[in-house]
**Student:** 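Got a structure for you, questions after.
Just so it is clear, the model here is predicted, and its values are computed rather than measured.
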Amino acid sequence: MPLHDISYQHWEGTHVGIWGRRLAIARNGLTACLQNKWMRYLVVVCWMAALAMTAFLFLIGQLLVADSIVVQWVGTFNSQLQSFVHMLTSWLEQHPGISVRTSQNLLFYYFCINLTPLSIFALGMAMPLLATRDLASNAVIIYSSKAVSRGDYLLGKFATAFGLMTLTLLGPICAAWFVGNLLAPDWRFFWHSRAVLGHALIYALSTMSILSLLALGVSAIAKKEKATPAFWFMWWIIGGVLAPIARHTQPGLRHLSFNFNLDQIAIAVFRPGSDIQTAQDNIPVFGNMLHNIRPETMAALNAPPIWGALLTLLFLLGVAVFIINKRVKPV
């Protein structure tokens, strides 16, 4: 019997593996993000946008029902809109496979590109919680002493940003597609719009991965909590202002805006130009309603500079990895 009782007891709880430690980092980071009431409001706004998208899909489905409220409501429109809706209804009835895919593909293209800025804003609000605050408090050293490697730490922080975008981008997109088709009068809409879901998933997952790594790199630039969000928002805003100006002067400068590059990915994935052409061929009134669209806009929808966007994003991701490797390490 020892002279001094050290009160040692063998651990009898559940042992967690390496992914348990990574999940704990991601869960704690996401919980900290949602403690901000403005972040919670932003998440609610994203899901309200999904509700609005669901309503649009419901309206399209109701055009197949002859005595629905939507069809009766169309009678109050002006003659041009009435003609457009009647032709759209006929197209939906005669060619559901093509019409459902085309209409939903266009809707989800615009839904995705308009929902992405909310996710970018959310990442800016969460920037100090990724790596900035830990760099200021030397928390990486503490993590290293707790059998958490730098790879585990970075993967957990990446998962924090990815999880936040799941709440603001991926979740609303998937919910809108599922509920919108669930409310359709014909459940074959699920099958007709399967390609739309594939396009949305490709865009959302690629965007989430790119933005999560870029945000992690920006968060590692400085130790001051106000500096990294300021840099993120300045990069986003200045890039958004520069892109339309550079289109007429130096088109290559547009790629300095990561939002512009993400838009090119969306155009390449969804190909809205071909859907607009399909709608124009089947609904002549639709073509008359779009006569004010500039030719260069249609050219951009049909032939986006996707390779320049991808190369620029790869370069930016490389810079982000370099900054993370240089800054986030125990010293």
Side-chain angles (χ1 to χ4, degrees), residues 21-43 45-46 116-170 207-240 256-259 261-262 312-331:
R21 297 195 292 269
R22 294 168 179 171
L23 181 61
I25 297 173
R27 183 175 59 249
N28 291 334
L30 187 58
T31 301
C33 291
L34 295 178
Q35 287 178 351
N36 185 338
K37 68 175 183 178
W38 296 108
M39 183 70 77
R40 295 196 297 270
Y41 292 158
L42 186 60
V43 172
V45 169
C46 293
T116 300
L118 296 178
S119 296
I120 296 174
F121 191 83
L123 286 177
M125 295 174 61
M127 196 67 61
L129 299 173
L130 296 180
T132 307
R133 189 171 295 176
D134 291 341
L135 290 176
S137 60
N138 292 323
V140 179
I141 300 177
I142 300 175
Y143 279 116
S144 300
S145 66
K146 300 295 183 181
V148 177
S149 67
R150 183 170 64 159
D152 298 334
Y153 169 80
L154 293 176
L155 189 58
K157 291 298 183 178
F158 176 87
T160 297
F162 198 89
L164 180 61
M165 293 195 68
T166 300
L167 295 176
T168 58
L169 184 63
L170 182 62
T207 297
M208 291 163 62
S209 300
I210 292 169
L211 288 178
S212 296
L213 187 54
L214 288 179
L216 190 56
V218 171
S219 69
I221 291 178
K223 296 182 179 181
K224 295 182 179 180
E225 294 189 12
K226 294 183 179 180
T228 50
F231 181 84
W232 178 261
F233 287 126
M234 286 178 59
W235 184 13
W236 179 31
I237 295 172
I238 293 176
L256 295 178
S257 169
F258 60 81
N259 200 29
N261 294 325
L262 295 176
T312 304
L313 287 173
L314 286 175
F315 173 76
L316 293 176
L317 292 176
V319 173
V321 170
F322 175 79
I323 293 174
I324 293 169
N325 185 61
K326 196 75 174 177
R327 297 276 299 169
V328 185
K329 59 183 179 180
V331 294

**Student:** If you look at every heavy atom in Leu262 and Leu313, which pair is closest and at what distance?
**Tutor:**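 Scanning both residues completely, I find the closest heavy atoms to be CD2-CD1, 4.4 Å.
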**Student:** Distance check, rounded to the nearest 0.5 Å: Thr312 atom OG1 versus Leu317 atom CG?
**Tutor:** 10.5 Å
**Student:** Would you compute the distance between atom SG of Cys33 and atom CG of Leu42 and round it to the nearest 0.5 angstrom?
**Tutor:** 11.5 Å
**Student:** Give the C-alpha distance, both sets of side-chain angles, the deciding distance and a yes or no for side-chain contact (heavy atoms from CB on, under 4.5 Å) between Phe258 and Ile210.
**Tutor:** CA-CA 9 Å; Phe258 60 81; Ile210 292 169; over 6 Å; no
**Student:** Which residues satisfy the side-chain contact (heavy atoms from CB on, under 4.5 Å) test with Ile238, sequence neighbours excluded?
**Tutor:** Met234
**Student:** If every non-hydrogen atom of Phe158 is compared with every non-hydrogen atom of Ser212, which pair is closest and at what distance?
**Tutor:** CE1-CB, 3.4 Å
**Student:** How many angstroms lie between atom CG of Asn261 and atom CG of Leu316, to the nearest 0.5 angstrom?
**Tutor:**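 If I round to the nearest 0.5 Å, the distance is 7.0 Å.
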**Student:** Which heavy-atom pair separates Gly124 from Pro229 by the least distance, and what is that distance?
**Tutor:** O-CB, 3.6 Å
**Student:** Apply side-chain contact (heavy atoms from CB on, under 4.5 Å) to the pair Cys46 and Leu167, showing each step before the final yes or no.
**Tutor:** CA-CA 8 Å; Cys46 293; Leu167 295 176; over 6 Å; no
**Student:** Is it true that Trp38 and Phe121 have ring centroids separated by less than 6.0 Å?
**Tutor:**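 No - the distance between ring centres of Trp38 and Phe121 does not fall below the 6.0 Å cut-off.
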**Student:** Ignoring hydrogens, what is the shortest heavy-atom contact between Leu30 and Gly163? Give both atom names and the distance.
**Tutor:**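 Residues Leu30 and Gly163, closest heavy atoms: CD1-C, 4.1 Å.
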**Student:** Specify the closest pair of heavy atoms between Leu130 and Ser219, including all atoms of both residues, with the distance to one decimal.
**Tutor:**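 In terms of heavy atoms, the two residues are closest at CB-OG, 3.6 Å.
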**Student:** Please state whether the rings of Phe231 and Trp235 are parallel, tilted or perpendicular, taking 30° and 60° as the class boundaries.
**Tutor:**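 If you compare the ring of Phe231 with that of Trp235, the planes turn out tilted.
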**Student:** Heavy atoms only: give me the nearest Leu213-Ala320 pair and the separation to one decimal.
**Tutor:** O-CB, 3.8 Å
**Student:** If you round to the nearest 0.5 Å, how far is CE of Met127 from CG of Leu129?
**Tutor:**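 If I round to the nearest 0.5 Å, the distance is 10.5 Å.
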**Student:** Kindly indicate whether the side chain of Thr228, heavy atoms from C-beta on, has any atom under 4.5 Å from the side chain of Trp232.
**Tutor:** no
**Student:** Can you measure from CE (Met208) to CG (Leu164) and round to the nearest 0.5 angstrom?
**Tutor:**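 If I round to the nearest 0.5 Å, the distance is 9.5 Å.
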**Student:** For the atom pair CZ (Arg40) and CD (Gln35), what is the distance rounded to the nearest 0.5 Å?
**Tutor:**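 Reported value, rounded in 0.5 Å steps: 8.5 Å.
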